[in-house]
Amino acid sequence: MKFVAMVFVVGAIAIIFADSNSEAGDILYAWKTYLIDPNNVLQSWDPTLDNPCTWFHVTCNGQNSVVRVDLGAANLSGTLVPQLAMLSNLQYLQVQNNSIGGEIPSQLGNLTKLVSLGLENNQLNGPIPSSLGNLKSLRWMRLNSNKLSGKIPISVLKLIYWGNLQLLNVSDNQLAGTLRQANQTGFATTIVIQDMTA
Ligand SMILES: *[C@@H]1O[C@H](CO)[C@@H](O)[C@H](O)[C@H]1NC(C)=O
Ligand SMILES: *[C@@H]1O[C@H](CO)[C@@H](O)[C@H](O)[C@H]1NC(C)=O
Ligand SMILES: *[C@@H]1O[C@H](CO)[C@@H](O)[C@H](O)[C@H]1NC(C)=O
Ligand SMILES: *[C@@H]1O[C@H](CO)[C@@H](O)[C@H](O)[C@H]1NC(C)=O
Ligand SMILES: *[C@@H]1O[C@H](CO)[C@@H](O)[C@H](O)[C@H]1NC(C)=O
């Protein structure tokens, strides 16, 4: 009995210390299974290669953590997946100019190192998750030209004033309320705000 318990403990420790890289590979490969990829741009996303840092469209930092996923204009359809939130060092998530549908997973609000969220020109629907207001490092949030609905969460608007957000483009969606573009400042800054109606 004691011996069996021991085996379980050792097994658990081995899992905890499992290579974080293969975990990132598992996350990205899991996402791949939710994507339709007629041009085979994800061909190199091979789960038998332990390290996703060698995959095309994936960039790692010096510590072998995934920091960028660049899949713009890759003719992809399918959906985003909540597991992407587990790529905890991700700074750039660029999947613009595809046909990705479904909702924006609220879990993406856990990607606290994210600098750029490029989801524009897709088929995303549903609300803008208020959890995206947690992304205090975010400088560019491009959600334009999708089918997003609801209001821009206040938490996200607050990023403009108290976070690092330089550009929030929510144009060409199905959002409620009046959108107006405010203040083109010296930077390439476009602040798009939603008028607060009662
Ligand atoms: C996406 O499309 C826009 C306009 O359709 C274009 O200006 C931009 O260069 C494209 N970006 C990428 C990464 O494909
Ligand atoms: C996407 O599809 C278009 C037309 O089918 C093609 O011209 C283009 O090269 C494809 N892009 C990629 C990245 O495969
Ligand atoms: C991410 O955020 C959601 C809420 O938005 C939370 O429930 C979840 O536990 C967080 N963690 C991960 C790894 O997704
Ligand atoms: C914002 O999005 C609209 C619609 O996609 C696009 O026409 C416009 O160029 C974008 N503006 C900026 C500053 O990115
Ligand atoms: C833009 O906003 C800044 C700071 O709020 C203000 O000083 C400036 O006058 C505004 N510019 C325009 C064109 O409204």
Side-chain angles (χ1 to χ4, degrees), residues 28 31-32 34-45 52 55-60 66-81 84 87 90-105 108 111 113-130 132-133 135-196:
L28 290 169
W31 184 27
K32 178 179 171 174
Y34 285 86
L35 293 170
I36 298 154
D37 176 21
N39 296 94
N40 258 321
V41 300
L42 302 177
Q43 196 166 28
S44 65
W45 290 27
W55 296 358
F56 287 126
H57 313 291
V58 175
T59 308
C60 293
V66 174
V67 292
R68 293 188 71 114
V69 175
D70 289 281
L71 285 169
N75 288 338
L76 295 172
S77 52
T79 62
L80 301 171
V81 293
L84 289 170
L87 299 172
L90 196 64
Q91 295 175 12
Y92 291 80
L93 179 58
Q94 301 298 138
V95 297
Q96 70 277 5
N97 301 10
N98 285 292
S99 302
I100 303 219
E103 299 198 356
I104 300 174
L108 296 191
L111 290 170
K113 298 201 176 151
L114 209 60
V115 169
S116 175
L117 181 61
L119 302 179
E120 72 268 30
N121 295 315
N122 277 293
Q123 304 287 325
L124 294 164
N125 57 55
I128 299 172
S130 59
L132 297 187
L135 302 177
K136 300 285 191 284
S137 302
L138 202 61
R139 277 184 258 162
W140 300 284
M141 189 185 317
R142 293 187 170 95
L143 306 176
N144 48 287
S145 292
N146 278 290
K147 296 174 173 169
L148 299 170
S149 55
K151 288 189 170 187
I152 304 173
I154 306 283
S155 59
V156 170
L157 293 176
K158 284 182 174 171
L159 289 178
I160 295 167
Y161 300 105
W162 292 295
N164 285 301
L165 203 60
Q166 292 174 13
L167 189 141
L168 168 62
N169 196 341
V170 293
S171 179
D172 189 19
N173 276 293
Q174 295 162 7
L175 295 165
T178 310
L179 295 175
R180 64 189 164 87
Q181 183 177 323
N183 208 333
Q184 197 98 24
T185 60
F187 298 99
T189 302
T190 301
I191 300 174
V192 181
I193 61 167
Q194 176 174 258
D195 292 331
M196 297 302 151

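Throughout, residue positions are numbered sequentially from 1 according to the sequence presented. Keep in mind it's a predicted model, so treat the numbers as computed, not measured. As the structure lists them, so they are numbered: ligands from 1, and atoms in each ligand from 1. All values below were derived from every heavy atom in this structure, side-chain atoms included, with hydrogens, water molecules and symmetry-related copies excluded.
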Worksheet item: For the side chain to side chain contact (heavy atoms under 4.5 Å, CB included) test, which of L143, L168, L135, L138 pairs with V156?
Response: L168

Worksheet item: How far apart are the C-alpha atoms of N75 and N39, what are their side-chain angles, what is the distance that settles it, and do they pass the side-chain hydrogen bond (donor to acceptor under 3.5 Å, both in side chains) test?
Response: CA-CA 7 Å; N75 288 338; N39 296 94; 2.8 Å; yes

Response to the item:
Counting heavy atoms under 4.0 Å, the part of Q96 that contacts ligand 1 is side chain

Worksheet item: Under the side-chain hydrogen bond (donor to acceptor under 3.5 Å, both in side chains) criterion, do S171 and N144 qualify, and how do the steps go?
Response: CA-CA 5 Å; S171 179; N144 48 287; over 6 Å; no

Worksheet item: Does K136 offer a backbone N or O that forms a donor-acceptor pair with the side chain of N164 under 3.5 Å?
Response: yes

Worksheet item: So, the side chain of W140 versus the backbone of N169: is there a donor-acceptor pair under 3.5 Å, distance only?
Response: no

Worksheet item: Just going by heavy-atom distances, which of N169, V170, L143 is nearest to atom 2 (O) of ligand 4?
Response: N169

Worksheet item: Does N121, backbone or side chain, put an N or O under 3.5 Å from an N or O of ligand 4?
Response: no

Worksheet item: Should R142 be counted as touching ligand 4, given the test is an N or O pair under 3.5 Å?
Response: no

Response to the item:
Of all protein heavy atoms, the one nearest atom 9 (O) of ligand 1 is N97 ND2, 4.8 Å

Discussion item. Using a 4.0 Å cut-off to any heavy atom of A73, which atoms of ligand 1 qualify?
Written reply: 14 (O)

Practice prompt. Would you confirm whether any non-hydrogen atom of the protein falls under 4.0 Å from atom 7 (O) of ligand 1?
Written response: no

Worksheet entry | Side-chain H-bond candidate by donor/acceptor type, Q94 with S116, under 3.5 Å | yes

Practice prompt. Mark up the atoms of ligand 4 that fall under 4.0 Å of a heavy atom belonging to S145, in ascending order.
Written response: 4 (C), 5 (O)

